Amino acid sequence: MDYILHVVIFILIYAVVVQSLNLLLGYMGIISMCHAVFVAVGAYTAALISVHLGYHFLVGTLVGFVLAFIVGALLALPSLRIKGEYVIVFTVGFQMVAFEYMLTAREVTQGQGGIAGIPSPEILGHEIISPLGFLLLIAVMAVFCFAVTWRITRSPFGRLLKAVREDEEACRALGKNPLKQKVLVFAVGGGLAAIAGSFLAYYITYISPFDFTIDASVMMLVMVILGGAGNYWGPLVGAALLIGMPEALRFVPGAAGIIDALREVFYGALLVVFMMFRPEGILPESLEQKRASKIAAAWARMEEGSTQAAEEEPEEQPAGDPTLPALEVRGLSKSFGGLQAVDDASLVLPLGGTVGLIGPNGCGKTTIFNLVTGFLKPDGGSILVQGQDITNLAPYKMASRGLARSWQDVRIFPGMTVLDNVLVARPGQSGESLLKLFVEPRRVAREERANHQKALEYLGLVGLADKAGQLASGLSTAEQKLVALARLLATECPVLLLDEPTAALDMDSVKRIIGLIERIAVQKKKTLLLIEHNLDVVRGLVKETYFMSEGRVLAHGDPAALMKDPKLAEVYFGT
Amino acid sequence: MDILIAQLLVNGIITGSFFALCGVTWGIIYRTAKTFHFSHHLVFTVAGYGAVLLVGQLGVHYLFGAPAAVAAAIVFGCAVEALLYRTLRRRGANRETIFLSSLGFATAGVAILLLIFSSTPLTLKGFHPGVLALGPTNFTDIDVATVIVSWLAVGGLLLFLKKSRYGRAIRAVGVNPEMSANVGLDKNKMYLLVYAIGSGLFGLAAFLYSAKNAVVPTMGIFPFFMAFTAVFLGGINSIAGHALAGFILGFAENIAVIVLPGEYRVMVAYAILVVVIIFRPSGLIGGKRG
């Protein structure tokens, strides 16, 4: 019986460790080969504090958490600068340095002999020694840690993380700067692993560097992957499988002595088999998305009545000072190598106006968008929003200045629901702050309700409220463009830059989108700058357009009149 | 003290040469096949066992261990590529998936060797190192052989890549596999060739290593870690860079002992890697990321 309790305790400890690693791997897509180091930080801190200072076990756990939190945050900074396999190399290096440190810094860690005689935890004067008592204590710890990750992953914070994993640049264009969130995930992931580590130390009462080798890190990684990276319950399944199954071998005669080697054969072979046949793990992330879809669909049904009423009220005035242009571009230039992509281009976008930007392929229209929204740095010239200079501002700051853009290739978040796509774009979400998530839960919940309502309102406007619960990747191209429009509206920016909103669509969808853009301009009083290839679209929508060719603005005026100019027509249609 | 420094310099050259060889063996595979071939360390270990078992069982001269190690390494390395990686590629696996499968294979492989041979160290039978001296420093004949063989192998590989038809084909496949396919280069065949070369040379390194060190199931891990450290340190596109970075690693590891306590030796090599990745992710010596 005690033996079974022992196995369950181990499974719970590892479930917490693996859950914390899942934050990195599942939600950010980062392969970390050094997670055992965080467990070691927790275990060693707890052991040293309890052995040398005799403090209460919770003090050891807390200090371990704080230290690992800091180590995690420090490790995040280089890890976020590098990509893909460099992260693997970096984390292997860090793991090895940390392991060698544990072996050699004898004055701190007591070297390879390890630290023995770690006192058992005490609660209100009762020492906890029995396996059952330990199981209860560790179950409380595990529930606490699982609650924290639950809160993190099912919140605006978690939503933003997933969006970053799907398309970080698109997130920036929506006004999000996810650096803080990414660093915090490393920190929290490290901190939670350290909590589990401290309980490991208190339970075993002896730790040594050999508990925290790279093999241990690899095993944790395997647990996440087999369980299902990105699935909330995946880590629990992975830990139970990889701890429980080899333990069962103990009862096979002759196997007891080689259990560690058998375990390694077991998880190594499982990893190969899973990579071959089921790389998404036992509980794939798509199961989570099904759940998200159900929730979104429920929201949509709930809000159906109220959104329809709200939809019809037009805004009074465009936001801003009507005497200043919404956007002004003065003498903008950009060259790539020898190619002058944009050459001394100037344009003015009056507040509340809808202006077109047309020209043949490769004339520099999209480059202007990239320059205006900060994704490219201009060689010269300036960009003003309502008279204020925003040249060289970072892309994520543009939304707060009232400027948001769409992309020619849509760039919605394919692995998220339609509703979540729109929700991500909502400005000023306090739920994106980890602190507020836990300190001001009511405020976060209130905002979430309001944001859900707004998001569904915009989805209603584009006619997709009934698809709120579907995965964006499952929509048609036209529907994806509509989602992108709803997402753009959800930023509440008064100035919207639309990059070929009707490209690659059939006639019916084009008409639908044109009608929608008109409504956005009239009803929502948005200022629009429209890159278009389709002349009919431009003629129907705008009274004023700029005509570009080879990086220069050649002409400016009524599109119908411009097209009558034989020289421009020749440039446009070619000869 | 001066004697110590002279000895450390000599040790640095020996270790550095060995790591230089290790570096190019993984570098040519990584650069060409773009696979994070973690099982490379198992190739080293299999080669080591191949050498000691052949020499020990058949009672032949210990030098026969060298071809045995190289042959075992080539067969094993090519089998991993042909049976595991190629299958995964055909199933559309991405680079992370292939890396993870390689990690799993290597982990299981070491554990299986442990089950078969236990952790009892084996040695190359009939080999006794002869001690040589140069001024105040001491080293063995196998050390001299390591330095000479390592640089001959590195030089030969560089020459092969530059001058021979197959070498140029390997470089072409590494730079642009699609384009190479269009001019009639079979990607899978070229990959197999690269795995054969990388594994064979790593097998040669394993023979040199097992003449000096014990053969155990985990023997490949440290040389392999140093190999990929050298590759990322040298900048992934330059084979000469890998050799140079490997040499710097081995040299720095030994020289560090002048200022640090001896047990920090290994940590220094990894610390260099961590610091370089933080401050100069494209590698010390250069070459583009990608």
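This is a predicted model, so every value here is computed, not measured. Naming convention: chains lettered A, B, ... in sequence-line order (proteins, then strands); numbering from 1 in each chain.
- Annotation: maximal heavy-atom pairing with chain A below 4.5 Å, among B/Ile112, B/Thr87, B/Val276, B/Thr97, occurs at B/Thr97.
- Ion pairing of A/Glu285 with A/Arg165 is present here, as a side-chain N (NZ or NE/NH1/NH2) and a carboxylate O approach within less than 4.0 Å.
- For A/Ile214, the part sitting under 4.5 Å from any heavy atom of chain B is the side chain, from C-beta outward, and nothing else.
- Applying the salt bridge (Lys or Arg N to Asp or Glu O under 4.0 Å) definition to pairs two or more places apart or across chains, none involves residues 104-117 of chain B.
- Side-chain rings of B/Tyr85 and B/His37 approach one another, their centers coming within less than 6.0 Å.
- Heavy atoms closer than 4.5 Å to chain B are found in both the backbone and the side chain of A/Ala105.
- Contact annotation for A/Tyr101: both backbone and side-chain heavy atoms come within less than 4.5 Å of a heavy atom of chain B.
- Proximity to chain B is limited to the side chain of A/Leu221, based on heavy atoms less than 4.5 angstrom apart.
- Contacts of A/Tyr267 with chain B are made by side-chain atoms alone, with heavy-atom separations under 4.5 Å and no backbone atom involved.
- Annotation: maximal heavy-atom pairing with chain A below 4.5 Å, among B/Ala106, B/Ala108, B/Ser102, occurs at B/Ala108.
- In summary, the aromatic rings of B/Phe232 and B/Tyr30 are positioned with their centroids under 6.0 Å apart.
- Between A/Phe266 and A/Leu241 the shortest heavy-atom distance is CE2-O, 4.0 Å.
- Between B/Phe228 and B/Phe38, the angle of the ring planes lies from 30° to 60°, which puts this pair in the tilted group.
- In this structure, B/Tyr49 has its ring center under 6.0 Å from that of B/Phe117.
- Proximity to chain A (any heavy atom under 4.5 Å) is restricted, for B/Leu273, to the side chain, taken from C-beta onward.
- If you run side chain to side chain contact (heavy atoms under 4.5 Å, CB included) between A/Val272 and each of B/Leu103, B/Thr107, B/Leu84, only B/Leu84 comes through.
- Within residues 222-229 of chain A, the residues having any heavy atom less than 4.5 Å from a heavy atom of chain B are, in residue-number order, A/Ile225.
- Ion pairing between A/Arg106 and B/Glu263 holds under the 4.0 Å rule for side-chain N and carboxylate O.
- There is no contact between A/Val273 and chain B, counting heavy-atom distances below 4.5 Å.
- The choice from A/Ile88, A/Ile31, A/Val218, A/Asp215 that makes the most heavy-atom pairs within less than 4.5 Å of chain B is A/Ile88.
- Per-residue counts of heavy-atom pairs under 4.5 Å with chain A were compared for B/Leu88, B/Leu114, B/Leu100; the largest is that of B/Leu100.
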